[in-house]
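Single-structure report; data block below.
If you're wondering where the values come from, they're calculated on a predicted model, not measured in any experiment. First the proteins, then the strands, lettered A, B, ... as listed; each starts at 1.
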Number of protein chains: 2
Amino acid sequence: MTAASPADRLPATLEKGAPVASHASLLQGVSLPAAAIFEAPLAHNLAWMQRFADAHGARLAPHGKTTMTPGLFRRQLAAGAWGITLATAIQCRAAFAAGVERLLLANQLVGEPNMAIIAELIEAGAEFHCVVDGADNVAALGRYFAARGQRLNVLIELGVPGGRCGCRDADQVAALVAAIAEQPALVLAGIEGYEGMISGGDEVAAVCAYGERLVETVRALRASGVLQREAPIVTASGSKWFDLIAEAFDRAELREHYMPVLRPGCYVVHDHRLYAGAMAAVKARHPGLEGELKPALEVFAHVQSLPEPGLAIVALGKRDIGHEPDLPLPLRLYPVASTTTATPRDVSAWRTTHIMDQHVFLAIPDDAEVAVGDVIAFGTSHPCLTFDKWRRVLLVDDALGVREVMETRF
Amino acid sequence: MTAASPADRLPATLEKGAPVASHASLLQGVSLPAAAIFEAPLAHNLAWMQRFADAHGARLAPHGKTTMTPGLFRRQLAAGAWGITLATAIQCRAAFAAGVERLLLANQLVGEPNMAIIAELIEAGAEFHCVVDGADNVAALGRYFAARGQRLNVLIELGVPGGRCGCRDADQVAALVAAIAEQPALVLAGIEGYEGMISGGDEVAAVCAYGERLVETVRALRASGVLQREAPIVTASGSKWFDLIAEAFDRAELREHYMPVLRPGCYVVHDHRLYAGAMAAVKARHPGLEGELKPALEVFAHVQSLPEPGLAIVALGKRDIGHEPDLPLPLRLYPVASTTTATPRDVSAWRTTHIMDQHVFLAIPDDAEVAVGDVIAFGTSHPCLTFDKWRRVLLVDDALGVREVMETRF
C-alpha cells in the first residue's frame, strides 16, 4: 500500500485545530478540539506588559518558548519589545526565521550542531546573547567561535543553591570571569538570572534579595572592568515575580549605565489559575497598579459521551491541553443546537476529575443540561504546556470568528 | 520588522530533532534533543505482535494515536495489520492521507466538521468504522450521513461502570440497537470495548470477565439478527492486557463467524518501565510464550549544566519527553569527547528528580564522571506522550546512524 493513491483523492491538507471553511468560527467550520486566542485580551496584555517595563526603565525580551508562535513574536516586537528570549538553539533559529533579529538564549549553548545553528544566525545578522555558567562550556564556545572568526556575546548566569543552572556564589562567578577572559571570541556582556526557581520560605523576600544580588554582581563586574558592553545587560524575570525584579532593577544608576531586561513569557496570554493568582498577588503588593493581565487562551472541545449520570467525557486530552499544575478548567458551554455565541452557559462549577491522552472526565450535576456535541471552552493553568500541543492556534474575536491562523514552531 | 529579510539569509528550514547533516548520527550532525527509534527492536516488535495476533486468530488494527507516524503505520500494515485504529477524525484523515485505507475510530464521531472529514474519507474510498454509545449521537450520525447518501459502519461500545465511554449494561445496549435500527444510514457491524479502563481489585479476573462480556454481547446481537456485517467485528485490547483479550476472543466459533480485532498501540516501540512491567506480567501468565516486546524509543539530550556536586541539568524537558507515569529514565552516557558509540557508559543508576518545560534534574553521584556536552540516552514510560512532542522521529541503527527521518502528524 502506498501513500499516493488515496491521498490524491483528498483536497488540500487539513490538520488538527485548523478551520475547514472560510469565515469559520469555533462553533462552525473548525474541527474541534482547537486552541483559541482571543484578540482583545491579547492586545491588552501586549500593551500592558510593555507599559509596565517602560515605566520601570527596563527593556522587554519576552520568553518565546511559552508560545513559539511567530505571529505572537511579531506582535510583541510591534508592541515595543527589545527582543525575544528563547530556550534552545532550534527555537532561536525559528524566531530569527520569523523576523526576530535580537535573540537572548537563556541557557548554555551546548553541542556542536547547536553551536553551528547559532554561528549561522550570527553570520546572517542576528544580535545574539547566551548564558554561561561553567568553565568547560566557556572553553568549548571560545574554541568553536574563534575557529569561525566570530564573536559570541555571553551573560554569566547566577543561580541559587538547590536551583537549576547558574553560578551559586561569588567564587564561581570570579572563576568564570577568568575563564571568559581567556577566550578572545567571547564578549562578556552582563549577567542573567531566573528568580522562578526560588520557592519555599518567605519567597517575596528571597526574590527581592536575588534581584539585589543580580544588581550587586553586575555592578561589581562593571567596576572591575571585565564587562565588554557599553551598557551591560542585567536580566531576569518570569511571569510570576516580574514586579519585584522590575523594582530591583529600577534605579537611576541602572537606567543610566546598564540595560535591565525583563523576560516574562506567559503574560502574553496569561491564564485562568496559576498566573491569575500571581497577578492577584502583584496587585496586592501594588494597590496603585493600573489594570492587570487577562486570560486570552482557551481550548474548545466537544462533549464526547454521557455514559452515566454525573459524568461527561470530553474529546480533549493531554495531547491538546496542559494539565499541570491544574487540570483543564471548564468555563462555558455552547449548546450543540446553537450556532451563535448568544447562549453560552457558565459551567465553571463543573470539575475536571481526570485527564487521559485524548479524553477529559468532567464531574457534572446529575441533572446537568448537556448533550453530546455541546462545545465546552476550557481555561488552562498554565499556558506553556498548552501551546506545544498545537501546530497552529486560532486568533478569534469576541464572536468566536477566526481572524487568523497562527502557526507554532515547536 | 518583517519575516522576509533575515529568513531569506538562512538555508533550508531546520526544525527540532532534525539532522543538520547527511550521514548524521545521534552524536554528530543532529541538533539535540532528538527522539530516536532503533530499527532492530522496532522490526522485532512489528513481527512479534503480528505473529501473536495471527496465532490467536485475530486481526491487528494497531492504535495509531500512540505514534501518529505514517512511516510506522506503513510498517504496521506491511507486517500484516488489517487496519489502523485512531482516536479522532483528524487522525483518521492523516492516516488515510498516508495510505491507510482501513480505519477504526475508537471514539464517537462528534461535531459536524468532524463528520464532514469522515464523509470525505468515505467518499474517497476509506473503509471506516466508528463506535457509538448514545442515542443522540446515533441520531445525529444517521441524519448527517443519510443527507449525504452515505452509509456509516458503527460498533456499539461496551463500557464499565465508573469507566470512560460505552454502554454500562445490556439495557443500554438494547436501547442503542433500537436507535440504530431507526437510522437507515447506519450499519451495525459489531461491538467495541477497551479493557484498559479496568483498575483495582483482581484486575486479571475483571479483564477476563470483560472479554467474556464482549463475546457474549456480540453473540447475542448476532443471534438476534441485528448485526449487518457478515463477520461481525468484536474488538478490544490496549498494550497491557492484550494476552487476556486475545484469549477471550480465541475460539473456533469466533474464528469462523466473527472478526476479532486487537488494537494495541504502544507495543510498536514498547517502553522502559510501564509496558516493560506489563510484558513481564504477560510472560508470567504464559511461561511458554516465545520472545517478548523490546523497548525501541529513546530520547537523546545534552548535559546542559553541572552547577553543584550531585546535580546534572539536562537539556530535555516536558516539551521533549513524556513524564507520566515515570520521569525520564537515564540509560547510557556518551562522553562529549567521543564521537563513536564505542564507549557509552551505563547510567541507569542515576535518577531524574524533577522535570521542567525544557530541563531535567538528574541526581548523580558527587564524583560522577560527567561533563557539559555529554549525551545521555533516556528511556520513556510510557511512549504515547513522547511521540506527540516531536514533528519528526529519527529511525536509527545500532551505531546511532540516522536511517530515516519519520514525520509525525499530530
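- Between atom CD1 of residue B:Ile313 and atom SG of residue A:Cys165 there is a gap of 5.0 Å, rounded to the nearest 0.5 Å.
- With values rounded to the nearest 0.5 angstrom, B:Arg319 atom CZ is found 5.5 Å from A:Lys65 atom NZ.
- The part of A:Ala87 that comes within reach of chain B is its side chain, from C-beta onward, which places non-hydrogen atoms under 4.5 angstrom from that chain.
- A donor-acceptor pair shorter than 3.5 Å cannot be found between the side chains of B:Glu112 and A:Gln28.
- Side-chain contact, A:His302 with B:Gln108: no donor N or O sits under 3.5 Å from an acceptor N or O.
- Among the candidates A:Val372, A:Asn114, A:Asp374, the residue making the largest number of heavy-atom pairs closer than 4.5 Å to chain B is A:Asn114.
- Residue contact with chain A, scored on non-hydrogen atoms closer than 4.5 Å, is absent for B:Met115.
- Side-chain N or O atoms of B:Glu308 include one that pairs as donor or acceptor with a backbone N or O of A:Gly162 at under 3.5 Å.
- Residue contact with chain B, scored on non-hydrogen atoms closer than 4.5 Å, involves the backbone of A:Thr66 exclusively.
- Looking at heavy atoms from C-beta onward, A:Leu385 lies in side-chain contact with B:Asp357 at the 4.5 angstrom threshold.
- Per-residue heavy-atom pair counts under 4.5 Å with chain A were compared for B:Val30, B:Asn107, B:Asp133, and the maximum is reached by B:Asn107.
- Taking chain A as the reference chain and counting heavy-atom pairs below 4.5 Å, the highest number among B:Ala315, B:Gly317, B:Gly166, B:Pro113 is found for B:Pro113.
- Residue A:Phe410 touches chain B through both its backbone and its side chain, counting heavy-atom pairs closer than 4.5 Å.
- Per-residue counts of heavy-atom pairs under 4.5 Å with chain B were compared for A:Gln172, A:Glu157, A:Glu324; the largest is that of A:Glu324.
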Q: Apply side-chain contact (heavy atoms from CB on, under 4.5 Å) to B:His354 and A:Arg164, showing your working.
A: CA-CA 10 Å; B:His354 188 51; A:Arg164 201 166 64 189; over 6 Å; no
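- With a 4.5 angstrom heavy-atom cutoff, A:Met197 touches chain B only via side-chain atoms.
- Proximity to chain B is limited to the backbone of A:Val303, based on heavy atoms less than 4.5 angstrom apart.
- Heavy-atom minimum distance, B:Val110 versus A:Gly373: CG1-CA, 3.5 Å.
- For chain A, the option among B:Thr408, B:Leu109, B:Val132, B:Asn137 with the highest count of heavy-atom pairs below 4.5 Å is B:Thr408.
- Note on A:Gly163, A:Gly310, A:Pro33, A:Ala116: by heavy-atom pairs under 4.5 Å with chain B, the leading option is A:Gly163.
- Atom-to-atom distance recorded for B:Leu32:CG and A:Thr88:OG1 is 11.5 Å, nearest 0.5 angstrom.
- Between B:Arg93 and A:Glu15, no side-chain nitrogen of the basic residue sits less than 4.0 Å from a carboxylate oxygen of the acidic one, so the salt-bridge criterion is not met.
- Chain A forms more heavy-atom pairs under 4.5 Å with one residue of B:Gln91, B:Lys16, B:Gln304 than with any other, namely B:Gln304.
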